[in-house]
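Throughout, a chain's letter reflects where its sequence line sits, starting with A, and its residues are numbered from 1.
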Amino acid sequence: MPSLLNVSSSPHIRTDDSVPRIMWTVVIALVPTCAYSVYLFGWYTLALILVCVATAVITEAAIQWWRKVPVTVSDGSAVVMGMLVACNIPPCITWWIPVIGTFVGMAIAKHCFGGLGYNIFNPALIGRAFILAAYPKDMTTWKIVGTAAKVDATTTATPLMMLKEHGYPYLIEHFGGDKWALYKDLFIGNVGGCIGETSALLILVGAGIMLARKVITLYIPLSYLGTLALLTFVFKGDPLFAILAGGVMLGAWFMATDMVTSPVTKKGQVIFGAGCGLLTFIIRTYGGYPEGTSYAILLMNATVPLIDRFFTNRVLGTK
Amino acid sequence: MTTQLKELTKGLWEQNPIFVIALGLCPTLAVTTSVRNAIGMGVSTIFVLVLSNVLISAVRTIVPDKIRIPCYIVIIAFLVTVVDLVLAAYFPDISKAIGLFIKLIVVNCIILGRAEAFAAKNNPWRSMLDGIGMGIGFLIALLMVSGIREVLGANKLFGYVVFPGWRPIGVMVLAPGAFLTLGLLLGWKRLSELKH
């Protein structure tokens, strides 16, 4: 209906940003990591990823249909959530465990709070936390790959578990006595771990895609990784190992940067990232778990409303 | 007669002590690991609640206002001791599982809440009806929470396996499962009221 006088409320200048554009960019950014995991761990891993995505999409569609609100599964946020749950599970886990996790994350962490934009906690991480509490053994059994596959066994420890249980010298020895061989394996992704956390290189490729499309900014990932490396260095650890091993790369680039569950302002984002780094360091060093990325991000998610209240942008024209 | 019936039925659902008044949440979270425990807790609470309502209502005019709460506590504590010893004598396994929480009925918010809000203002007959209704309402809530938690968290109901071969979600019988189940049920109750 074209009209001569078009009266509309602000904003009048719009960007071409939209939820589908952002979410599908994240999907594309996750593809290299997932594809490499399928290459590394086999076709069962691909099936797991597809099962998680299907569960997320079906759950979201069913809940939105039941709530009689528009069904928005085509915006890609459910696909991202499903892929992120898949990235957070071991590659050989029984298939129905991530189904439960994805369902709980989607139904309770996202839709009980009102759907996209209203959730306090990252749905994928809630899903992971739930199945980690429910099936701890399944969630910490890993398939052996690469250099770690020296021993004749069906399962292996991740580098962080070796560090926790046997200490740093054992870890280095296990990877051939050379620190740089360890870094290389971690960077390329020649180690055991969750589906999405093996290769730091491919996570950085995905991060590059998201940065180029301006879906994420550098504030959270850099303050997160920087704080973790700095603390590890101060407390006589190996900073490069700390940021390359485990899920911290995946968490810092893909999950801490979730727009809904992270602060709005730059200052707030730096504080948020630093808090994630601090908590990850504390859980890894003093906690009972070898890795603390998911809990660190979830705990910091809870502080986001508070951070947003203290770090507001200056309103134009005020001091 | 209709108002008397109302005193009896209001606590069952529309003013359910757990889902609407939100009192007595600690035992709800703590003892609902299995339906059997929940029944033990619910029946004990009904006994204490009905008798304490009647007794407190009977003495309401002679107890000085300033020391009424200590008086109520003494009456409730006496009844709780009876329940505690009866359970220990005749149902030792239930007593072992939830004995600590039976003792804590003394400070149960539902019982003190009904004493203060209802029994102190109404006659013993009406207080008894209120106690029965609220007690059964509490038992209904306990059965719902414990039913969900036992099936999901232990794959059992009354100790019998529900789905053979399924590995239950163990976290549901732990504390997080209690909060999750209670929260979802509270939300569901609110939602069903909003739609009316």
Side-chain angles (χ1 to χ4, degrees), chain A residues 52 55 59 62-69 85 88-90 92-115 118-123 125-141 288-289 294-295 298-299 301-302, chain B residues 16 18-20 22 25-26 28-35 37-38 141 144-157 159-196:
Chain A
C52 285
T55 312
T59 309
I63 291 174
Q64 287 179 327
W65 175 78
W66 177 62
R67 286 175 63 203
K68 298 190 179 65
V69 294
V85 173
N88 273 292
I89 54 173
C92 51
I93 194 166
T94 320
W95 65 273
W96 52 264
I97 293 178
V99 168
I100 292 177
T102 314
F103 174 81
V104 167
M106 182 56 90
I108 293 176
K110 190 170 172 190
H111 282 286
C112 278
F113 287 87
Y118 295 94
N119 48 306
I120 301 171
F121 298 103
N122 187 318
L125 285 176
I126 290 283
R128 172 192 152 86
F130 186 80
I131 48 179
L132 183 61
Y135 303 101
K137 200 149 181 276
D138 298 83
M139 284 293 287
T140 47
T141 306
Y289 293 102
S294 52
Y295 293 121
L298 281 174
L299 282 168
N301 281 165
Chain B
N16 187 290
I18 300 295
F19 296 139
V20 179
L25 295 181
C26 333
T28 312
L29 294 168
V31 304
T32 49
T33 48
S34 73
V35 178
N37 288 350
M144 288 173 72
V145 179
S146 65
I148 293 171
R149 286 182 69 194
E150 193 176 353
V151 170
L152 289 180
N155 192 14
K156 283 177 180 171
L157 201 59
Y160 296 103
V161 174
V162 182
F163 307 108
W166 180 60
R167 272 169 56 212
I169 309 167
V171 71
M172 292 305 285
V173 291
L174 305 176
F179 283 102
L180 212 54
T181 313
L182 185 59
L184 289 174
L185 283 174
L186 277 168
W188 168 68
K189 175 84 170 78
R190 285 284 298 148
L191 199 67
S192 67
E193 276 163 12
L194 286 176
K195 279 183 179 161
H196 281 217

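A:I108 touches chain B through its side chain: at least one heavy atom from C-beta onward sits under 4.5 Å away, while N, CA, C and O do not. No part of B:P176 comes within reach of chain A, as not one of its non-hydrogen atoms sits under 4.5 angstrom from that chain. Looking at B:W166, the atoms closer than 4.5 Å to chain A (heavy atoms on both sides) all sit in the side chain, from C-beta outward. Heavy-atom distances place the side chain of B:L180, and not its backbone, under 4.5 Å from chain A.
Open room surrounds CZ on B:R190; 12 or fewer heavy atoms of other groups in view lie less than 6.0 Å from it. More than 12 heavy atoms of other residues, nucleotides or ligands sit less than 6.0 Å from atom NZ of B:K189. Heavy atoms of other residues, nucleotides or ligands lying less than 6.0 angstrom from CH2 of A:W96 number more than 12. Atom CZ of A:F103 has 12 or fewer heavy atoms from other residues, nucleotides or ligands within 6.0 Å.
A heavy-atom distance below 4.5 Å is not found between the side chains of A:Y135 and B:V171.
Atom OG1 of A:T94 sits about 5.5 Å away from atom CZ of B:R167, to the nearest 0.5 Å.
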